[in-house]
Amino acid sequence: MKEIIQTDQAPKAIGPYSQAIRTSGLVFASGQIPIDPETGQFVAGGIAEQTQQVIKNLSRVLEAAGSGLDRVVKTTVFLADMEEFAAMNEVYGKFFNAEPPARATVEAARLPRDARVEIEAIALA
């Protein structure tokens with residue numbers, strides 16, 4: 001059985017997908033981009049500010065599913081430019097400093113709405 005997770009505390013899905021799915025003790029969170037859920041617009045700034053907003057959005061989705069960043073077991077980070085890896089990684093490390101999850105980071109040709117970063121996660125429910 002699967003449960004669809006939806007919260008107004010994170011950006012609404014911009015396509016035919018759910019913010020997250022909870023099933024069999026796991027939460028599968030869809031990729032988050034740096035949209036401020038209050039304004040519906042990207043946060044101002046560069047990769048650091050975008051990464052911070054993405055992780056905040058991810059955190060809100062996980063919390064709506066009864067989980068949290070501390071229960072994340074795997075993330076996938078999509079970057080528009082791998083040259084921004086170090087700056088993204090510095091912000092990412094502030095949120096995942098103790099017992100960090102497994103992670104893959106890839107450069108994507110293009111991300112939704114031309115975001116600089118997108119992060120998806122799998123967490124324990």
Side-chain angles (χ1 to χ4, degrees):
M1 188 167 119
K2 69 179 183 180
E3 178 184 354
I4 305 236
I5 305 301
Q6 170 65 38
T7 178
D8 292 334
Q9 299 301 307
K12 293 182 173 145
I14 58 175
Y17 62 89
S18 300
Q19 288 175 321
I21 300 289
R22 184 172 45 209
T23 186
S24 302
L26 294 172
V27 177
F28 296 85
S30 294
Q32 291 294 309
I33 59 175
I35 295 174
D36 179 335
E38 292 181 15
T39 65
Q41 301 299 315
F42 275 10
V43 294
I47 190 68
E49 292 81 7
Q50 285 199 13
T51 301
Q52 183 169 336
Q53 185 65 49
V54 165
I55 296 174
K56 284 181 182 178
N57 292 343
L58 185 60
S59 177
R60 292 173 182 146
V61 170
L62 292 170
E63 289 169 8
S67 187
L69 292 177
D70 61 329
R71 299 185 55 83
V72 172
V73 295
K74 170 74 166 69
T75 63
T76 304
V77 178
F78 302 93
L79 290 174
D81 184 351
M82 197 57 84
E83 293 292 324
E84 296 180 320
F85 177 86
M88 175 282 299
N89 201 49
E90 184 177 335
V91 174
Y92 181 99
K94 292 176 183 176
F95 288 92
F96 295 107
N97 56 4
E99 299 181 8
R103 179 179 84 185
T105 304
V106 297
E107 182 176 271
R110 192 163 181 205
L111 295 172
R113 294 181 60 182
D114 293 322
R116 305 299 307 151
V117 61
E118 178 177 3
I119 302 175
E120 65 178 14
I122 301 170
L124 302 173

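- Between Val72 and Pro101 the shortest heavy-atom distance is O-CB, 3.4 Å.
- Every residue meeting the side chain to side chain donor-acceptor pair (under 3.5 Å) condition with Arg22, not counting sequence neighbours, appears here in chain and number order: Glu3.
- A distance-only check finds a donor-acceptor pair linking the side chain of Ser30 to the backbone of Ser18 [under 3.5 Å].
- Looking at heavy atoms from C-beta onward, Leu58 lies out of side-chain contact with Phe95 at the 4.5 angstrom threshold.
- Connection of Ile4 to Leu26 is not established within any shared hydrophobic cluster, with ILVMFWY side chains joined at heavy-atom distances below 4.5 Å, either directly or through further cluster members.
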query: Under the side-chain contact (heavy atoms from CB on, under 4.5 Å) criterion, do Glu49 and Val91 qualify, and how do the steps go?
result: CA-CA 8 Å; Glu49 292 81 7; Val91 174; over 6 Å; no
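- In this structure, Glu107 and Phe85 have side chains that are not in contact, with every pair of non-hydrogen atoms separated by 4.5 Å or more.
- Of the possible donor and acceptor atoms, one in the side chain of Ser67 sits under 3.5 Å from a partner among the backbone N and O of Leu124.
- Atom CG in Leu62 sits 11.0 Å away from atom CD1 in Ile55 (nearest 0.5 Å).
- Shown here is Glu90, whose CD atom has no more than 12 heavy atoms of other residues, nucleotides or ligands within 6.0 Å.
- Between the CG atom of Asn97 and the CG atom of Leu69 there is a distance of 10.5 Å, given to the nearest 0.5 Å.
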- request: Take Thr105 and Met88, measure what side-chain contact (heavy atoms from CB on, under 4.5 Å) needs, and give me the verdict at the end.
  value: CA-CA 10 Å; Thr105 304; Met88 175 282 299; 4.2 Å; yes
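- Under the side chain to side chain donor-acceptor pair (under 3.5 Å) criterion, Arg113 pairs with no residue at all, not counting sequence neighbours.
- Ala20 and Ala29 get closest at one heavy-atom pair: CB-CA, 3.9 Å.
- Each of Thr51, Leu79, Asp81 was checked for a side chain to side chain contact (heavy atoms under 4.5 Å, CB included) with Arg116, and the lone residue meeting it is Asp81.
- Counting heavy atoms from C-beta outward, Gln32 and Ile119 have side chains that stay 4.5 Å or more apart.
- By the neighbour-count criterion of 12 heavy atoms within 6.0 Å, atom NZ of Lys74 is densely surrounded, having more than that number from other residues, nucleotides or ligands.
- Cation-pi geometry between Arg103 and Phe96 is not met: the NZ or CZ atom fails to fall both under 6.0 Å from the ring centre and inside 45° of the normal.
- Considering all non-hydrogen atoms of both residues, Ala80 and Leu111 come closest at N-CD1, 3.9 Å.
- Under a hydrophobic-cluster definition in which Ile, Leu, Val, Met, Phe, Trp and Tyr are linked whenever side-chain heavy atoms come within less than 4.5 Å, directly or via other members, Val54 and Met82 are assigned to the same cluster.
- Between Thr23 and Phe28, some side-chain heavy-atom pair lies under the 4.5 Å cut-off.
- In terms of modelled atom types and a separation under 3.5 Å, the side chain of Gln53 and the main chain of Gln50 share no donor-acceptor contact.
- Residues Ile21 and Val27 are not in side-chain contact: their nearest non-hydrogen atoms beyond the backbone lie 4.5 Å or more apart.
- With Asn57 contributing its side chain and Ile35 its backbone, the two residues share a donor-acceptor pair below 3.5 Å.
- Linking ILVMFWY residues whenever their side-chain heavy atoms come closer than 4.5 Å, directly or via other members, leaves Ile33 and Val77 in distinct clusters.
- In this structure a side-chain-to-backbone donor-acceptor pair under 3.5 Å is missing from Gln19 to Val61.
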